[in-house]
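Working notes, structure below.
Every heavy atom of this structure was used, including side-chain atoms; hydrogens, water molecules and symmetry mates were not.
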Amino acid sequence: MPSTVDVCKRALVILIRALAVAYGFRVIVTRYSTDQVIKRAYHTTSKRIHPDKGGSTQDQTAQSELGTSNSAGSQVQKRSCNLLARPRAP
């Protein structure tokens, strides 16, 4: 069974790739990519669709969805790391 972090990572990759296809540019990222590659693809995608950085005002909805999913994924990752680091009571 995949871990919660893997599930969130897969969802983020799917979202990044869907936005890239919708806006007509290429992003090479898979769910097996390193965290650095996924982060770079996230920043590239968000910069391309951001209304203040070259996207249209209609793209604000897509930008907010992308930001929400990325913050949710990092929160789950932090929580799972905290659970692993906590000592258990006897």
Could you grab the distance from atom NZ of Lys39 to atom OG1 of Thr34, nearest 0.5 Å is fine?
11.5 Å
Flag this pair as yes if the NZ/CZ of Arg48 is under 6.0 angstrom from the six-membered ring centre of Phe25 and inside a 45 degree cone about the axis; otherwise no.
yes
Residues 1-10 vs salt bridge (charged side-chain N to carboxylate O under 4.0 Å, His left out), sequence neighbours excluded, gives Lys9-Asp35
If the test is side chain to side chain contact (heavy atoms under 4.5 Å, CB included), which one of Val27, Thr30, Val13 qualifies with Ile38?
Val13
Sequence neighbours excluded, which residues qualify as side chain to side chain contact (heavy atoms under 4.5 Å, CB included) partners of Thr44?
Arg40
Could you give the distance from CD1 (Ile14) to CG (Leu19), rounded to the nearest 0.5 Å?
12.0 Å
